[in-house]
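Worksheet: the structure to be examined is printed underneath.
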Amino acid sequence: MNDLHIYNSISKKKEKFTPIHKGAVGMYVCGPTVYSNVHLGNCRTFLSFDLVFRYLKHLGYKVRYVRNITDAGHLENDGESGDDPILKKARLEQLEPMEVVQKYTVDFHTTMAKFNALPPSIEPTATGHIYEQIHIVEKIIEEGFAYERNGSVYFDVLKFNETNDYGKLSGRKLEDMIANTRELAAQSDKKNPQDFALWKKAEPQHIMRWPSPWSDGFPGWHLECTAMSTKYLGNNFDIHGGGMDLKFPHHECEIAQAEACNNTSPVNYWMHANMLTLNGKKMSKSTGNFILPDQMFTGNNDILSKPFSPTVTKFFMYQAHYRSILDFSSDALEASEKGFNRLMEAHRILLNLDSSDDKSTIDIEAWRKSCYDAMNDDFNSPILIAHLFESIKFVNALKEGKETISKVDLELFKKTMHDFLFEVLGLEDNTSDNSQDSEKLSAAVELLIELRNEARADKDFALSDKIRDELAAKGIQLNDGKKGTTFSLN
RNA sequence: GGCAUCGUGGCCGAGUGGCUAGGCUCAGCUCUGCAAAAGCUGCUACAGCGGUUCGAGUCCGCUCGAUGCCUCCA
């Protein structure tokens with residue numbers, strides 16, 4: 001079916017992808033914490049995994065894609081006085097915590113829809129899986145890898161590390177971590193600073209709380225992902241993804257929890273998407289160094305020279321590999337937009353091409369293979385896009401009759417282009433919508449083109465240039481070609 | 001301080017040790033009444049220093065610089 005290789009963060013190597021169950025893939029991706037609008041950096045990660053999801057499906061796999069919504073309680077810091085960002089926001093906006101969660105979950109969904117990202121197969125919430133999380137804590141205690149203190153339960157990292165390897169994902173050694181611990185005077189219930197909370201007792205003012213065998217409280221941050229991934233995908237599943245910044249401690253803790261609980265390594269392929277930077281620094285909610293998707297789409301921001309559509313933004317992101325840091329700038333986006341428009345124009349020309357020959361003078365099969373080779377090499381979308389650009393040369397040569405193509409090859413060409421542009425990359429050609437309004441506009445502009453051509457025939461260039469320039473000023477550009485004049489909207 | 005990643009031509013950005021990535025910009029040409037659009041052609045770079053090798057952007061070492069994680073973050 002394929003020769004897909006995936007870079008596995010835990011082995012730091014590209015490995016041939018072999019799913020646990022033939023023909024099916026289980027994939028879990030850490031979703032957003034819904035206490036504010038998702039910013040563009042958040043979106044990049046989800047779009048990276050949308051590409052993975054789409055390509056796996058395109059290859060014919062039956063994919064169960066689980067992406068959680070974190071709607072409860074992890075703490076801003078691990079100290080006793082930690083604040084839950086959702087609660088904090090609820091106070092700030094004078095809303096019930098679940099109103100905050102609802103508001104930003106909706107925002108997340110509408111934003112991802114604008115990017116034409118596919119919804120996951122299952123989108124579970126932390127608050128919907130309290131029972132499962134409590135159950136895991138009980139099991140970890142039973143296995144002897146957790147202890148209870150004053151109503152809270154902590155994972156015993158040192159104990160775990162005696163029999164397992166804590167730090168194998170992030171490449172850390174526990175002894176180094178201990179050596180580098182800055183002794184913060186905070187009076188903690190933890191035995192060791194490296195331990196992390198599985199269950200936290202709620203302070204009286206903490207609204208989001210659930211009963212448990214240890215206290216009225218809330219689950220630790222890392223726990224929900226273990227609970228929900230294993231519930232829906234099994235104790236051992238194929239792919240776990242997330243942002244690079246979650247590698248440590250979040251994913252490390254997930255491995256520890258799952259191994260402590262189920263005595264098996266939870267994930268076969270760990271994938272980490274790299275950061276989107278702004279001014280050379282990671283986009284981040286807490287530092288304020290970010291741009292919101294809607295600010296991009298409307299142009300309502302101080303960073304960019306003009307608005308950019310969701311599909312252009314996505315195309316820009318896919319021109320870099322998901323494991324590379326990508327810096328965000330107006331120049332880079334404008335370059336992408338021009339390239340994107342050229343690609344879409346070529347695709348429209350391709351759709352109107354006919355086969356006039358039995359023989360092909362271009363090797364579509366080889367080109368098609370190079371597209372798959374690119375994606376099979378750890379989802380290398382920039383290489384794929386380079387090949388798509390290469391095909392523009394074919395399209396133009398065919399259009400001008402410099403090359404020929406057989407009927408079979410032409411169909412294959414069209415299908416391959418369509419598949420990669422729209423199914424795999426999930427782009428949208430929004431430059432040519434066929435709404436009724438655009439048909440009326442088209443009729444009007446066609447009339448002006450006709451009048452202009454009459455003026456040109458009469459050598460009345462003052463008039464013909466006026467029509468051309470005035471339309472251009474309105475964002476309607478006339479394109480004079482050999483076969484007549486067409487127009488495009490800017 | 002610890003762990004890790006990265007440093008590619010004017011800009012963005014791929015690169016499995018040996019063959020032109022690609023996009024944007026720019027220049028020339030074709031087309032055009034002139035333009036624009038489109039097309040074609042051109043632009044050989046890999047932070048620095050040393051090493052391995054017949055051969056290194058690609059491997060190793062050092063130096064410089066940047067970033068990420070080590071506290072919530074995609």
Side-chain angles (χ1 to χ4, degrees), chain A residues 5 12 14 29-33 35-36 38-49 70 74-79 82-85 88 167 170-173 176-177 179-182 184 194 221 241-250 252 272-277 280-287 290 315-316 319-321 323-329 331-340 342-343 345-346 349 374 377 380-390 392-393 396-397 399-400 402 456-457 459 461 464-465 468-469 472 477-482 485-488:
Chain A
H5 284 66
K12 298 189 178 175
K14 284 180 193 170
V29 170
C30 291
T33 305
Y35 67 95
S36 63
V38 284
H39 60 64
L40 208 63
N42 302 129
C43 294
R44 185 188 179 199
T45 294
F46 302 126
L47 290 173
S48 293
F49 288 105
T70 297
H74 56 267
L75 302 173
E76 277 196 338
N77 59 60
D78 218 12
D83 223 348
D84 178 337
K88 215 167 148 184
S170 54
R172 282 154 213 255
K173 290 197 166 47
D176 292 346
M177 291 167 61
N180 286 306
T181 303
R182 284 162 294 178
L184 297 174
Q194 288 71 37
W221 171 38
M244 200 72 108
D245 50 354
L246 297 183
K247 202 179 200 176
F248 188 89
H250 183 57
E252 201 71 72
H272 289 95
N274 219 322
M275 301 292 102
L276 183 65
T277 61
K281 295 260 201 280
K282 173 189 172 186
M283 281 199 197
S284 163
K285 284 175 196 172
S286 51
T287 60
F290 64 85
F315 184 73
F316 160 73
Q319 276 191 291
H321 190 257
R323 281 191 289 115
S324 297
I325 291 170
L326 176 62
D327 193 57
F328 185 78
S329 71
D331 285 351
L333 272 156
E334 280 178 54
S336 284
E337 182 173 54
K338 284 180 188 166
F340 174 80
R342 205 157 71 84
L343 199 52
E345 181 62 27
I349 293 169
D377 184 13
N380 199 323
S381 55
I383 297 284
L384 167 66
I385 289 170
H387 290 311
L388 297 180
F389 275 117
E390 287 291 313
I392 293 179
K393 288 199 176 85
N396 288 318
K399 186 182 76 172
E400 288 165 27
K402 288 178 184 167
R456 290 170 76 195
K459 300 221 187 300
F461 296 123
S464 69
D465 288 356
R468 176 223 283 164
D469 297 341
Q477 186 181 275
L478 300 187
N479 307 318
D480 293 331
K482 274 204 170 130
T485 302
T486 58
F487 73 97
S488 54

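Quantities reported herein were computed from a predicted structural model and do not represent experimental measurements. Per chain, numbering begins at 1; letters A, B, ... match sequence-line order. The basis for the numbers below is simple: all heavy atoms, side chains too, and nothing from hydrogens, waters or symmetry mates.
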| request: Side chain of His39(A) only, please: which of G33(B), A74(B), A36(B) is the nearest? | output: A74(B)
| task | Would you mind reading off the distance between Met177(A) atom CE and A4(B) atom C1', rounded to a whole angstrom? | result | 14 Å
| query | To the nearest angstrom, how far is Glu337(A) atom CD from G23(B) atom C1'? | reply | 13 Å
| Does A74(B) have OP1 or OP2 sitting under 4.0 Å from an N or O in the side chain of Thr33(A)? | yes
| query | Are Lys402(A) and C40(B) close enough that a side-chain N or O sits under 4.0 Å from OP1 or OP2? | reply | no
| Over how many whole Å does the gap from Arg323(A) atom CZ to C6(B) atom C1' extend? | 13 Å
| field | Rounded interatomic separation in angstrom, taking CD from Gln319(A) and C1' from C11(B) | value | 13 Å
| task | Any chance you could measure Ile349(A), atom CD1, to Ile392(A), atom CD1, to the nearest 0.5 Å? | result | 9.0 Å
| request: Determine which nucleotide pairs with U71(B), using a 3.5 Å limit on both distances of a Watson-Crick or G-U wobble pair. | output: none
| Which nucleotide, A74(B), C34(B), A14(B), lies nearest any side-chain atom of Ser324(A)? | A14(B)
| said: Test your reading of the model: is there a side-chain donor-acceptor pair from Asp377(A) to the backbone of Asn380(A), 3.5 Å cut-off? | reply: no
| message | Rounding to an integer number of angstrom, what distance separates C49(B) and G68(B) when you compare their C1' atoms? | response | 27 Å
| field | Leu326(A), nearest nucleotide to its side chain (from G2(B), G13(B), A38(B)) | value | G13(B)
| field | Side chain of Gln477(A) - closest among G2(B), A35(B), A37(B) | value | A37(B)
| Side chain of Met275(A) - closest among A37(B), C72(B), A74(B) | A74(B)
| Taking the nucleotide of RNA chain B with the closest heavy atom to each, which residue, Ser286(A) or Gly280(A), is nearer the 5' end? | Gly280(A)
| Separation of atom CG in Asn274(A) from atom P in A14(B), rounded to whole Å | 10 Å
| query | Under 5.5 Å between ring centres and under 30° between planes: does that hold for Phe389(A) against the base of G23(B)? | reply | no
| Taking for each residue the nucleotide of RNA chain B with the nearest heavy atom, is it Glu390(A) or Gly31(A) whose nucleotide lies nearer the 5' end? | Glu390(A)
| query | Side-chain N or O of Arg342(A) less than 4.0 angstrom from OP1 or OP2 on G39(B)? | reply | yes
| query | Any side-chain N or O of Asn42(A) under 4.0 Å from OP1/OP2 of A74(B)? | reply | yes
| Which part of the nucleic acid, if any, lies within reach of Phe248(A) when heavy atoms closer than 4.0 Å are counted: base, sugar-phosphate only, or nothing? | sugar-phosphate
| query | Distance-only, no hydrogens or angles: does the Glu252(A) side chain make a donor-acceptor pair with backbone N or O of Gly167(A) under 3.5 Å? | reply | yes
| request: Please state how far atom CG in Leu246(A) lies from atom C1' in G68(B), giving the value in whole angstrom units. | output: 12 Å
| Atom CG of Leu276(A) and atom CG of Leu47(A): how far apart are they, to the nearest 0.5 Å? | 10.0 Å
| said: Just to be sure I understand the rule, does Lys338(A) reach a base, reach only the sugar-phosphate, or reach nothing, if contact means heavy atoms closer than 4.0 Å? | reply: sugar-phosphate
| task | For the side chain of Ile325(A), starting at C-beta, report the closest nucleotide among A74(B), G15(B), U67(B). | result | U67(B)
| A74(B) phosphate, OP1 or OP2, under 4.0 Å from Lys285(A) side-chain N/O | yes
| query | When you check the phosphate oxygens OP1 and OP2 of G15(B), does a side-chain N or O of Asn380(A) lie under 4.0 Å from one of them? | reply | yes
| query | Which of these nucleotides, A14(B), G22(B), C24(B), is closest to any side-chain atom of Ile383(A)? | reply | A14(B)
| Listed nucleotide nearest any side-chain atom of Lys393(A), set A74(B), C69(B), C40(B) | C40(B)
| request: Could you tell me the separation between the NZ atom of Lys399(A) and the C1' atom of A37(B), rounded to a whole number of Å? | output: 10 Å
| task | Take atom C1' in A38(B) and the same atom in U32(B), then report the distance between them in whole Å. | result | 12 Å
| said: Could you check whether the side chain of Asp465(A) and the base of G33(B) have a donor-acceptor pair of N or O atoms closer than 3.5 Å, going by distance alone? | reply: yes
| note | Among the nucleotides G15(B), A74(B), G33(B), whichever has the atom closest to the side chain of His321(A) is G15(B)
| request: Take atom NZ of Lys173(A) as the centre, draw a 6.0 Å sphere, and report whether it contains more than 12 heavy atoms from other residues, nucleotides or ligands. | output: no
| task | Return no unless some side-chain N or O of Lys247(A) is found under 4.0 Å from OP1 or OP2 of A4(B). | result | no
| task | Starting from P on G33(B), measure out to CG on Asp480(A) and report it in whole angstrom. | result | 9 Å
| said: Within this structure, what is the CG-CG distance for the pair Leu326(A) and Asn274(A), rounded to the nearest 0.5 Å? | reply: 9.5 Å
| task | With the side chain of Thr45(A) defined as its heavy atoms from C-beta on, choose the nearest nucleotide among A74(B), G22(B), G33(B). | result | A74(B)
| From Met244(A) CE over to Ser170(A) OG, what is the distance, rounded to the nearest 0.5 angstrom? | 12.0 Å
| message | Under 4.0 Å, heavy atoms only, any strand: does Lys459(A) hit a base, just the sugar-phosphate, or nothing? | response | nothing
